[in-house]
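Scroll down for the structure; my scribbles are underneath it.
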Amino acid sequence: MTSNADAVEIFRTIADLLDLLGEKFKPEAYRRAARSIESLTEDLGAVSARHELRSIPGVGEAIEEKIDEYLRTGSVSYYERLKREIPPGLVELMRLPGLGPKTARRFWVELGIEGPNELRDAIAAGRLAGVKGFGEKKIEQIRSALVAAAAGPGATRRPIEEVYPVARALVDALRTGAGAERVEVGGSFRRARETVGDLDILVTSKDPPRAFEVFSAHPLVAEVKMRGETKETVLLTGGFQVDLRVVQPEEFGAALQYFTGSKDHNVRLRSLARDRGLKVNEYGVFRGDERVAGATEEDVYASLGLAWIPPELREDRGEIELAARGAVPSLVAESDLRGDLHVHLTADARPDEVDRIVAEARQRAYAYIGVVVGGVRADGTGWLLPAATRARLSEIRSPGLRITRALETGLSAVPKEAESAGVDFRIVVPTSLPSGVPESQADPAPAALFAHIGSSVASDAAAVKRWVEEARRNAAAIEVGPGPERLDSTAARQARESGVLLHLPTAFGAAADDPTLRVALGFARRAGATPKDVANARSQNEVSDAGSGPKRGRKGTSNAPPRSPSAKKRAA
DNA sequence: GCCGTTTTCGGCCCGACTGTTTTCAGTCG
């Protein structure tokens, strides 16, 4: 069995092994290819079958051959040979913080050390003392890195929704307490990647030392790792790393662009600049010694002949070409949202909860909401909101707001007891009725939305593909956002490219700083979604048309949610 | 090993910081 993730790991390790051999440019070439493969929305096997491997950025003749060999045989002979040449323990060594390929190689060549255990013993035996380039501090640094590595994996990337509150707290502290004028978070957080390895915070300040003081005194900060003139690195409790950089106002745009990345995007930008006789760094865009841009990101891109590119697209996946043609898509934004088809109440909600939801929808100026009135539990039994609450839903009127009722069911599994709910459309969730549970024979309401779909793409790309295909066949939207039950940005891109609309959770009833919607928007934007690609950014009219794509098989008849008579008239 | 509105060969982002140096190499992002 082959997988993209497996191929990525092979190419990453090849890069590390080549690093250890002292190769200059090959390692980056293999890493580049690995990053590209990681962000693919389909299996390498499918790309290979179409003979399109070379269209993957960073994949040329040699890497194409290795991918094909991997797909055929499950292994790569070049990789196997490198592993025989170089002790695998050296890769572990060079991955220790503060150590790199050069140092690991010196241990191997000069001291015969082939792995972490041997290095630990060598340090204990004093064999490093007196070796050129290894002073007391360096040896101590290595010793503690070894101890940390032995204690288990260090700080790993964290889900972006967990990082939101941390980012917010630090940004607030810098704004209010540190005299910082502009404050922005860059890095993969700003690009809305699913996971974030560290935070890069940029500020302008007339008093940098004060910014550093306030920052390192923040209650979340456990340890100051490093402080220079313009940059400070701290570790939070739990080991999460945050970098603070203080820049001049005239550099702010260039610095934000630079520290937002991605690496591949920046490399492309730099070579584009070089071709035009310009130089880009974090201080600005320069022609010789003259700064031609730097205060804003728009200036930086414009000086290179490019339209501004939303951070979520900066992955070198064709966005620079789009920006050169002035064809960057207008990605969906919060202000585009016009409703929510998936509003949950608690199962025992009282009628006044309905009024609360409606008030919130009005406050957001939404045109429609779909409220879940019942569904099917894992054991196959149905549940419904209390009768009085359902009655309130049916009778409540709110000018300009259409209220529809949804039932959560399996793809075809509608429990008989949920029949009486009187619903407008179904939300399909991954469940099936156990044998013996009576299934409704009535014509079910159409499926307009697929939700609660387990979607960690890395773990089961095939399952995501099946759900996207089912959503497409039902002409239903599919939910995108944080958490294991929603599609991530890679799966969202796959859905969008298959012509499936995305649905964003708008977090009814949540606290003002709840990150769910922001993260969902970020994922949708990473997937390249414009308002037209998002079900709940469409007008009520268009949403009512959700069932007008490829026809459902079986029992599907009407569109969902049903159009109001006036909507039908307008559409006609 | 990849790549090309100057190139199919000759480039490949670039600056901050640390430690160990006495002018710089290695690592990191």
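For clarity, every value in this text was computed on a predicted model and none was experimentally measured. Here is how names work: the chains are called A, B, and so on, in the same order as the sequence lines, proteins then strands, and each is numbered from 1.
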A/Gln141 near the nucleic acid: base, sugar-phosphate alone, or nothing, with a heavy-atom cut-off under 4.0 Å? nothing

Tell me whether A/Phe25 is stacked on the nucleobase of B/dC12, counting only the six-membered base ring and applying the 5.5 Å and 30° thresholds. yes

Using the C1' atom as the reference point in each nucleotide, state the distance between B/dT6 and B/dG11 in Å, no decimals. 13 Å

Students often get this wrong, so: under 4.0 angstrom with heavy atoms, is A/Glu61 touching a base, only sugar-phosphate, or nothing? sugar-phosphate

Rounded to the Å, how far apart are A/Phe134 CZ and B/dT27 P? 9 Å

Would you mind reporting whether A/Glu315 and A/Arg193 have side-chain heavy atoms less than 4.5 Å apart? yes

Would you please confirm or rule out a distance under 4.0 Å between OP1 or OP2 of B/dG15 and any side-chain N or O of A/Asn281? yes

Please give, in whole Å, the distance from B/dT20 P to A/Glu140 CD? 11 Å

Can a salt bridge be assigned to the pair A/Arg157 and A/Glu162 using a cut-off of 4.0 Å between side-chain N and carboxylate O? no

Of the candidates B/dG1, B/dG15, B/dC17, the side chain of A/Ala62 sits closest to B/dG1

Report which part of the nucleic acid A/Ser271 touches: base, sugar-phosphate, or nothing (heavy-atom distance under 4.0 Å, all strands). nothing

Looking at B/dC2, B/dC12, B/dA16, which one has an atom nearest to any side-chain atom of A/Arg274? B/dC12

Between B/dT20 atom C1' and A/Arg106 atom CZ, what is the distance in whole Å? 11 Å

Between CZ of A/Arg268 and P of B/dC12 the distance, given in whole Å, is 16 Å

Hey, is B/dT7 sitting syn or anti, using the within-90° cutoff around 0? syn

Ignoring hydrogens and geometry beyond distance, is the side chain of A/Tyr258 in donor-acceptor contact with the base of B/dG29 at under 3.5 Å? yes

Rounded to whole Å, CZ of A/Phe212 lies from C1' of B/dC17 at a distance of 12 Å

Which one, B/dC17, B/dC2, B/dC14, comes nearest to the side chain of A/Lys231? B/dC17

Assign A/Leu18 to base, sugar-phosphate, or nothing according to its heavy-atom contacts below 4.0 angstrom with the strands shown. nothing

Separation between the P atoms of B/dA16 and B/dG10, rounded to whole Å: 32 Å

Carboxylate-amine/guanidinium contact A/Arg31 A/Glu28, below 4.0 Å: yes

Mind checking the P distance from B/dG29 to B/dT22? Whole angstroms is fine. 27 Å

Watson-Crick or G-U counterpart of B/dG29, or none if no pair lies under 3.5 Å: B/dC14

Are A/Asp16 and A/Thr13 linked by a side-chain donor-acceptor pair shorter than 3.5 Å? no

In whole angstrom, give me the gap between the C1' atoms of B/dT23 and B/dT18. 15 Å

Categorize A/Lys66 for me: base, sugar-phosphate, or nothing, with a 4.0 angstrom heavy-atom threshold over every strand shown. sugar-phosphate

For A/Pro27, report the nucleic acid contact type (base, sugar-phosphate, nothing); a contact means any heavy atom under 4.0 Å. nothing

Between A/Lys102 and B/dC24, is there a side-chain N or O to OP1/OP2 distance below 4.0 Å? no

Students often get this wrong, so: under 4.0 angstrom with heavy atoms, is A/Glu136 touching a base, only sugar-phosphate, or nothing? sugar-phosphate

Which residue, A/Gly228 or A/Val131, contacts DNA chain B at a nucleotide closer to its 5' end, judged by nearest heavy atom? A/Gly228

When rounded to the nearest Å, what value does the distance between C1' atoms of B/dT8 and B/dC3 take? 9 Å

Checking the side chain of A/Asp172 only, and the main-chain atoms of A/Ala169 only, is there a donor and an acceptor separated by less than 3.5 Å? no

Among B/dA16, B/dC14, B/dC17, the one nearest A/Tyr283 by side-chain distance: B/dA16

Rounded distance in Å - CZ (A/Arg95) to C1' (B/dG26): 19 Å

Could you tell me whether a side-chain N or O of A/Arg105 sits under 3.5 Å from a main-chain N or O of A/Leu20, the two making a donor and an acceptor? yes

Which value, in whole Å, describes the distance between the C1' atoms of nucleotides B/dG26 and B/dT21? 12 Å

Take A/Pro101 and A/Lys138, find for each the nucleotide of DNA chain B with the closest heavy atom, and name the residue whose nucleotide sits nearer the 5' end. A/Lys138

Can you figure out which of B/dG15, B/dC13, B/dG1 approaches the side chain of A/Tyr30 most closely? B/dG1

Taking the minimum atom-to-atom distance to the side chain of A/Gln241, which one of B/dG1, B/dG29, B/dG15 wins? B/dG29

May I ask you to check whether A/Tyr164 and A/Phe189 place their ring centers less than 6.0 Å from one another? yes

Any idea which of B/dC17, B/dG29, B/dG1 is nearest the A/Lys26 side chain? B/dG1

Taking any heavy-atom pair under 4.0 Å as a contact, classify A/Lys24: base, sugar-phosphate, or nothing. nothing

Separation of the C1' atoms in B/dT5 and B/dG1, to the nearest angstrom: 24 Å

From the candidates B/dG26, B/dG15, B/dC2, the one with an atom nearest any side-chain atom of A/Thr103 is B/dG26

Picking from B/dG29, B/dT20, B/dG1, the nucleotide nearest the side-chain atoms of A/Lys137 would be B/dT20

Give the rounded distance in Å between these two atoms: CG of A/Asp264 and C1' of B/dG1. 15 Å

P gap between B/dC17 and B/dT7, integer Å: 40 Å

Between A/Arg526 and A/Glu312 (salt bridge meaning N to carboxylate O under 4.0 Å), is one present in this structure? no

Side-chain N,O (A/Thr233) to OP1/OP2 (B/dA16) below 4.0 Å: no

Atom CG of A/Leu244 and atom C1' of B/dG29 are separated, to the nearest Å, by 15 Å

Remember a base hit wins even if backbone is also touched, and classify A/Glu282 as base, sugar-phosphate or nothing at under 4.0 Å, heavy atoms. sugar-phosphate

For the side chain of A/Asp200, counting heavy atoms from C-beta on, which of B/dT27, B/dG29, B/dC2 is nearest? B/dG29

More than 12 non-hydrogen atoms from neighbouring residues, nucleotides or ligands closer than 6.0 Å to CD on A/Glu61, yes or no? no

